[in-house]
Amino acid sequence: LADAAELCRQLDGNALAIELAAVRVATLGLAATRAALADHFALLSGGGAMRCDAQAPIARCDDRLQPQPLARRAAGGVWVPVRVCRRLDDRVGRALLGGAGEPAGATEVTARLNDLVERSLISRDAAAPAPRFRMLEVQRIHALGKLRASGGHAHGAAAHARHLCNMFEAGYAESDRTPDAQWIARHGPERDNLRAAIRFALEAPDPTLVARLAGASVWLWPAVGAIHEFQHILLHPLRLAGAYSLHATSTPSLRVKSAAEQAVTAFKGSPDVAGAANAQLCLASAFAQLGDTAANRTCLGRVDALLGERRQGKGYGWYCGSHAWAAQLDGDLRAALDWALQSRAAYRGSGVWHGATRAMLHIADLHLARGDIDEALAIGTDCEARLEGRQYPVDLGRALANLGTAWFACGELASARACWSRALDELRGLDFSYWVFDHIALLAIEDGRDDSAAQVIGYADAGYARLGKGKRVQNEQRAHARAMAHLSKQVDPSELVRLLSAGAATCEDEVIAIALRHATAVGRAE
């Protein structure tokens, strides 16, 4: 049913296209038909009882347009604005309809778009606050083919990419002082356009344009919960964008450091003070992960000089959060908590919901490390409620993991077990679950499963080593030390070495099954 519904959406509900696709389903099945629809017309126009040229109706409509005032220009004419993406706005239309010369004027663009809307070739997105238009997928594919045949594809794609670059570079300058909700409402709808622009720049190839697009859009991806997609799109580090995408995901610390150093070098002498400060913050984060607190503080000192009197905005919130981590690594939990509270205040003052939530996660962790269990539970529960249903699996996983640790400290083992189980579900596949297993090892020990505890500790040790994390912070240090003290007394030394090694070689799904084995059994009994 889901495949059938998605196939109909993919064909924009076009009755003829769905009828033609149904014939192919009889041969290929639903899933294979959906996959093959990347080349709509080749699939739908093949042989069989319903043999039909699926392009013919659109081509006839195309031909009927030619005598009208919308006659093609050398760059592809009327098909230029609707080819690049499913959506376009008035500003993109001006740039693309103008061909190789000056951009078209607003009046000309409006007239052309109105004509296309009246002919039902494009439709207005009524929900969008600014003028946005889309066309049916089958029409878009046909238009794209026409544009390529006319030789105007490269020009249109380049103009589109440059427009998106200019738009997001202006948005980057605004992002530090614009509340998240307002900034995302303005730039979030451009994600499809941005993907297309980056794809064109990568294929061109135009490394400078890729770097500009990625760097200018660096705040959009985490704001909409798509930082992993951003990392996947880039594939390799590109200035601040690459450094940030690696910093914000579970990546080997030395790789983060290398990307951040490239970003720092790229911003030397640049008038972009915010970019230079953020590059230094990425490098500070890398040094913190490596456990090099001296180098971390050196970077923060450079950021302090760059910020000057600017003690507000996202950049300042990040700066305070970095100081909080530095103080925590030094063991000064009071100072760490003060900096984390300043970080939350800076984010809140700037309307940055996600930054404020991440600062709250750190505050909950610090209260837990200081032994303020009730405060950790209250803030952790608030964070869970804020993150539930949103696309931030790493943050929700962190919130649930810390909640589990707080419940365990209260002796509420069932609640701890439930939180840790949910945390692992959120973090699964993100290579970010390794640190939770120090705590889960204690639960396995409470269950009387010392062998399982040793294996999950081995998995956690391997995660820290693989990602180059220099040291555990307080809560994980204590859990690890407590578990190892118990295992060293209760398990034969050679057997303990074997179990730790077995855990280090275990895949994530298997170690999760080992860790939660008793939880499943308890659930069935209850």
Side-chain angles (χ1 to χ4, degrees), residues 179-184 219 222-227 248 312-314 316-325 327-328 333-428 430 432-433 435-436 438-440 443 473-476 478-479:
D180 268 6
Q182 181 180 337
W183 195 84
I184 293 170
W219 299 126
V224 297
I227 189 65
Q312 59 183 358
K314 297 176 185 175
Y316 185 63
W318 187 1
Y319 166 77
C320 293
S322 295
H323 264 295
W325 281 110
Q328 184 173 5
L333 296 178
R334 177 68 258 177
L337 184 56
D338 287 343
W339 279 110
L341 290 169
Q342 289 183 61
S343 177
R344 181 179 65 180
Y347 282 126
R348 281 181 172 176
S350 303
V352 185
W353 180 92
H354 184 230
T357 303
R358 298 199 82 174
M360 289 172 64
L361 290 173
H362 196 183
I363 291 168
D365 184 71
L366 288 167
H367 278 301
L368 194 57
R370 285 164 53 86
D372 301 333
I373 307 302
D374 290 342
E375 197 68 25
L377 281 171
I379 297 174
T381 303
D382 188 11
C383 288
E384 178 193 5
R386 287 166 68 92
L387 291 162
E388 194 69 58
R390 294 178 178 263
Q391 295 181 354
Y392 299 103
V394 169
D395 296 322
L396 180 56
R398 283 178 59 197
L400 290 166
N402 284 335
L403 262 180
T405 303
W407 284 121
F408 187 84
C410 294
E412 298 286 347
L413 302 192
S415 296
R417 197 187 304 275
C419 282
W420 284 333
S421 177
R422 289 182 58 207
L424 292 177
D425 281 342
E426 293 294 330
L427 299 175
R428 190 191 299 262
L430 302 178
F432 196 67
S433 65
W435 61 277
V436 185
D438 286 321
H439 302 285
I440 293 178
L443 186 61
V473 290
Q474 285 79 8
N475 292 318
E476 286 67 52
R478 292 170 187 168

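Numbering starts at 1 and runs along the sequence shown.
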Closest approach of A356 to Y347 (non-hydrogen atoms, all atoms of both residues)
N-CB, 3.4 Å

Which residues satisfy the side-chain hydrogen bond (donor to acceptor under 3.5 Å, both in side chains) test with S350, sequence neighbours excluded?
none

Stepwise side chain to side chain contact (heavy atoms under 4.5 Å, CB included) check, L396 with R390
CA-CA 9 Å; L396 180 56; R390 294 178 178 263; over 6 Å; no

Which residues pass the salt bridge (Lys or Arg N to Asp or Glu O under 4.0 Å) test with R422, not counting sequence neighbours?
E384, E388

Please name the pair of heavy atoms, one in L377 and one in C410, separated by the smallest distance, quoted to 0.1 Å.
CD1-SG, 3.9 Å

side-chain hydrogen bond (donor to acceptor under 3.5 Å, both in side chains) against D395, all qualifying residues, sequence neighbours excluded:
H354, R358

Going by salt bridge (Lys or Arg N to Asp or Glu O under 4.0 Å), name the pairs with one or both residues in residues 335-357, residues two or more places apart or in two chains.
R334-D338

For A423 versus A401, what's the shortest heavy-atom pair and its separation?
CB-N, 3.7 Å

Residue set satisfying side-chain hydrogen bond (donor to acceptor under 3.5 Å, both in side chains) with Q474, at least two apart, ordered chain then number -> Q328

Suppose we screen for salt bridge (Lys or Arg N to Asp or Glu O under 4.0 Å). Which residues come up paired with D438, at least two apart in sequence or across chains?
R472

So side chain to side chain donor-acceptor pair (under 3.5 Å) across residues 372-382, not counting sequence neighbours, yields H367-D372

Rounded to the nearest 0.5 angstrom, the CG-CG distance for L443 and L413 is 6.5 Å

Looking at every heavy atom in both L333 and L366, which two are closest together, and how far apart are they?
CD2-CD2, 4.0 Å

Any side-chain heavy-atom pair from L400 and D425 closer than 4.5 angstrom?
no

Examine distances only and state if a side-chain atom of S421 and a backbone atom of R417 form a donor-acceptor pair shorter than 3.5 Å.
no

Kindly give the heavy-atom pair with the smallest separation between L427 and P393, and that separation in Å.
CD2-O, 3.8 Å

Tell me which pairs pass ring pair (Phe, Tyr, Trp, His ring centres under 6.0 Å) where either residue lies in residues 396-418, with sequence neighbours left out.
F408-W420

Who pairs with A335 by side chain to side chain contact (heavy atoms under 4.5 Å, CB included), at least two apart in sequence or on another chain?
A327, D332

Counting C-beta onward and ignoring hydrogens, is there a side-chain heavy-atom pair between W325 and V473 closer than 4.5 Å?
yes

Output for pair (N475 CG, L368 CG), nearest 0.5 Å, gives 4.0 Å

Can any side-chain N or O of R428 pair as donor or acceptor with the backbone N or O of S433 at less than 3.5 Å?
no

Closest non-hydrogen contact found for A376 with A364 is CB-O, 3.7 Å

Who pairs with Y319 by side-chain hydrogen bond (donor to acceptor under 3.5 Å, both in side chains), at least two apart in sequence or on another chain?
D304, H323

Hey, are the side chains of W435 and R398 touching, using non-hydrogen atoms and a 4.5 Å cut-off?
yes

Tell me every residue that passes ring-ring contact (aromatic ring centres under 6.0 Å, His included) with W353, counting only those two or more places apart in sequence or in another chain.
Y392

Is a side-chain donor or acceptor of D365 paired with a backbone partner of N402 at a separation under 3.5 angstrom?
no

